[in-house]
Amino acid sequence: MTNSATLSLNGEEYTLDVITGTENEQCIDIQQLRNQTGCITMDPGFGNTGSCYSSITYVDGKNGVLRYRGYPIEELAENASFVEVAYLILYGELPNQKQLCIFSRSLEEHAPIHTNLEHHFSGFPKSAPPMAILSAMLNLVACFHPEVLDVTSEGPEFDRTAALLLSKVRTISAFAYRSATGKPFNQPNPFLSYCNNFLHLMFSDPYREYVPSKTIEKALNLFLVLHADHEQNCSTSTVRVVGSSRANLFSSVAAGVCALWGPLHGGANAAVIAMLEDIKASGKPLKHYLDMAKDKDNPYRLMGFGHRVYKNFDPRSRILKRHVDEVLKELNTSDPLLEIALELEQETLKDDYFISRNLYPNVDFYSGILLRAIGIPLNMYTVMFAIGRMPGWIANWKELLEHNQRISRPRQIYTGHSIRSFVPIEKR
Ligand code: ACO
């Protein structure tokens, strides 16, 4: 459905199309604005800028709604495996039994990594951040599978490449951990589920096969499902920007890993735990931390609070909060950080600063506590996010090519010097 908006500028009136999405969300189409008026629009951080049409994920930040391909996140979190969700996000429909079987088999087929690639892990210092290793290794994998560099968005080549990437990201991540901790690599076991295979790659030892409990497998599955896509966030937009130059899928998602790394995005899940640990160790009252976060002259922020889109509860954080408690009970353990987190959340819900700015816990607030319960080391948290987000990145790269989207190239308003003449060095 198309209607229009009128812009009045310098005494002239311009008509702009208004485009309406499936859920009645509206946007003013400014693609011809510069040609018509000579003006560009300004929106640093792209908070109000639509950069693409997409049929993958729907987020309604005002009402706390998240759906993958139309399916509510609550239903998927309750009922679906990560592999089913990955298939849904990539191909638009839930798989039937046969499709799921073929897809799962393909994932397991691509799990091992080339022996020569294994040697590269020892080239990283022990202290290398796993996100740096993951990003570098994703580009490296492509060197060992040169055929993936030419892959487009459809056909059996795409299917194979997507499965290869979804599977290799898991093996690379676990190998990064094993290498940094001086432990021998475990080879993937094709008879295990996606989640259990990852846990085996991470935690099995030569003389002791790691067998996770059902609770741990379920918790990891939930974590991955909740992170599988989130429309045009910072890392996904990065994947699209890089892919828009027609860069290959591997280099595009490697860039996504780098964008995810930052503490304002995926890096927040580790930063939350560091913050809660700090609160616990300091013994200072929560008010001290709230005051720091509210102080305009202090860069301190409460990690895991706030979101560009959600101005209500992040539905993923609601689901996680409920399940973290269940998981800890089922594992018959407790986590003092959960108590601090719950208290902190309660304090912010009563505080005008947080209420007036709609700052609620986001997905990263409770996910770290779940990862701790699973036994994932802190420096691997953002890597876990990257494994989960891989279906979303791949699907957005695919969609970008299917829509034959133009190369991303924003404009700017120049605020530097006006023209001036070169001054020879002896006269400066
Ligand atoms: N603690 C304290 N104040 C905050 C916080 C916070 N966590 N987040 C935002 N604010 C304040 C800002 O200072 C600003 O206040 P002002 O209006 O008085 O200037 C107001 O709330 C709006 O914040 P912005 O930074 O403009 O919001 P933006 O949409 O640009 O940023 C972001 C969103 C990056 C998530 C921000 O809320 C933040 O830094 N949160 C902490 C980091 C975090 O948890 N990141 C994970 C996000 S979820 C994800 O990426 C998976």
Side-chain angles (χ1 to χ4, degrees), residues 66 68 71-86 100 104 107-108 111 166 169-171 173-174 177-178 181 183 186 188-205 208-228 269-270 272-273 276-277 304 314-342 345 361 363-391:
L66 168 61
Y68 301 156
Y71 293 100
I73 191 65
E74 292 77 8
E75 289 184 24
L76 293 170
E78 208 55 55
N79 302 302
S81 73
F82 175 63
V83 174
E84 271 177 296
V85 168
L100 183 63
S104 304
L107 292 179
E108 293 322 326
L166 281 169
V169 69
R170 175 182 55 169
T171 314
S173 300
Y177 164 71
R178 300 290 295 182
T181 47
K183 294 177 178 162
N186 295 309
N189 178 347
F191 301 107
L192 296 177
S193 68
Y194 187 93
C195 289
N196 279 358
N197 211 351
F198 174 73
L199 293 165
H200 152 73
L201 287 165
M202 286 282 289
F203 300 128
S204 280
D205 284 319
R208 192 186 62 91
E209 179 72 21
Y210 177 82
V211 184
S213 67
K214 275 268 163 248
T215 306
I216 287 192
E217 183 187 10
K218 229 173 76 189
L220 177 57
N221 186 70
L222 175 74
F223 174 89
L224 296 177
V225 166
L226 294 181
H227 287 77
N269 60 9
V272 168
I273 295 297
L276 296 173
E277 293 272 23
D314 178 339
R316 301 166 300 177
S317 106
R318 282 209 158 134
I319 297 170
L320 276 169
K321 183 179 172 183
R322 209 175 57 242
H323 279 85
V324 158
D325 208 32
E326 272 171 32
V327 168
L328 292 176
K329 270 195 197 118
E330 280 178 43
L331 293 176
N332 204 13
T333 174
S334 64
D335 188 337
L337 294 194
L338 179 59
E339 279 158 40
I340 298 173
L342 291 169
E345 184 188 329
V363 66
D364 292 318
F365 191 60
Y366 288 109
S367 66
I369 297 175
L370 192 76
L371 291 175
R372 261 161 76 94
I374 296 171
I376 304 292
L378 186 63
N379 69 347
M380 288 290 288
Y381 284 13
T382 314
V383 169
M384 300 304 295
F385 193 150
I387 299 173
R389 185 52 55 85
M390 197 52 80

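Just so you know, residue 1 is the first one in the sequence shown, and it goes up from there.
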**Message:** Applying salt bridge (Lys or Arg N to Asp or Glu O under 4.0 Å) to E277 and R372, what does each step give before you reach the verdict?
**Reply:** CA-CA 12 Å; E277 293 272 23; R372 261 161 76 94; 3.1 Å; yes

**Message:** Once rounded to the nearest 0.5 Å, what's the spacing between atom CD1 of I376 and atom OG of S367?
**Reply:** 11.5 Å

**Item:** Test side-chain contact (heavy atoms from CB on, under 4.5 Å) applied to M380 and Y177, step by step
**Value:** CA-CA 8 Å; M380 288 290 288; Y177 164 71; 3.9 Å; yes

**Prompt:** So, the side chain of N197 versus the backbone of L192: is there a donor-acceptor pair under 3.5 Å, distance only?
**Reply:** no

**Item:** Minimum-distance pair of heavy atoms, taken over all atoms of D335 and L337
**Value:** OD1-N, 2.8 Å

**Message:** Would you compute the distance between atom CD of E84 and atom CG of L100 and round it to the nearest 0.5 angstrom?
**Reply:** 5.5 Å

**Asked** Quick one: CD1 on I273 to CG on N269, what's the gap to the nearest 0.5 Å?
**Response** 8.5 Å

**Near-ring test H227/F385, centroid separation under 6.0 angstrom** = yes

**Prompt:** Would D325 and K329 satisfy side-chain contact (heavy atoms from CB on, under 4.5 Å), going step by step from the backbone distance to the final call?
**Reply:** CA-CA 6 Å; D325 208 32; K329 270 195 197 118; 3.4 Å; yes

**Prompt:** What distance separates L199 CG from N186 CG, expressed to the nearest 0.5 Å?
**Reply:** 11.5 Å

**Request:** Compare all side-chain heavy atoms of C195 with those of R170 and state whether any distance is below 4.5 angstrom.
**Result:** no

**Asked** Quick one: are H200 and N196 in side-chain contact, heavy atoms under 4.5 Å?
**Response** no

**Message:** Nearest 0.5 Å, please: how far is OG1 in T171 from CD1 in I387?
**Reply:** 9.0 Å

**Message:** Is any side-chain heavy atom of F198 closer than 4.5 Å to one of M384?
**Reply:** yes

**Message:** Less than 4.5 Å apart, side chain to side chain, heavy atoms only: is that true for L166 and P391?
**Reply:** yes

**Asked** Looking at side-chain heavy atoms only, is the closest gap between P212 and F203 below 4.5 Å?
**Response** no

**Request:** State, yes or no, whether a side-chain contact exists between L328 and S334 at a heavy-atom distance under 4.5 Å.
**Result:** no

**Prompt:** Salt-bridged, R322 to E78, with N to O below 4.0 Å?
**Reply:** yes

**Item:** Closest non-hydrogen atom pair between V85 and A80, with its separation
**Value:** CG2-CB, 3.7 Å

**Asked** Any idea which heavy atoms bring A174 and M202 closest together, and the distance?
**Response** CA-SD, 3.7 Å

**Prompt:** Is the shortest distance from a Lys or Arg side-chain nitrogen in K183 or D205 to a carboxylate oxygen in the other one below 4.0 Å?
**Reply:** no

**Basic-acidic side-chain contact under 4.0 Å: K214, E217** = yes

**Prompt:** Taking the inter-plane angle between the rings of Y194 and F82 on a 0 to 90° scale, is it parallel (under 30°), tilted (30 to 60°) or perpendicular (over 60°)?
**Reply:** tilted

**Prompt:** How far apart are the closest heavy atoms of S213 and L331, and which atoms are they?
**Reply:** OG-CD2, 4.0 Å

**S317 side chain vs P361 backbone, donor-acceptor pair below 3.5 Å** = yes

**Request:** Heavy atoms only: give me the nearest P188-L201 pair and the separation to one decimal.
**Result:** N-CD2, 3.6 Å

**Message:** Less than 4.0 angstrom from a charged side-chain N to a carboxylate O is my criterion; do K321 and D314 meet it?
**Reply:** no

**Item:** Side-chain heavy-atom pair Y210, I216 within 4.5 angstrom cut-off
**Value:** yes

**Complete:** d(L226 CG, L370 CG) to nearest 0.5 Å is 8.5 Å

**Request:** State whether the side chain of T181 and the backbone N or O of R178 hold a donor-acceptor pair below 3.5 Å, judged by distance alone.
**Result:** yes

**Message:** Please evaluate residues Y366 and L342 with respect to the criterion side-chain contact (heavy atoms from CB on, under 4.5 Å), reporting the C-alpha separation (whole Å), side-chain torsions for both, the decisive distance (0.1 Å), and the verdict.
**Reply:** CA-CA 9 Å; Y366 288 109; L342 291 169; 3.6 Å; yes

**Message:** Assess the residue pair L276 and I369 against the criterion (side-chain contact (heavy atoms from CB on, under 4.5 Å)); give the C-alpha distance rounded to whole Å, side-chain angles, the decisive distance to 0.1 Å, and a yes or no.
**Reply:** CA-CA 10 Å; L276 296 173; I369 297 175; 4.2 Å; yes

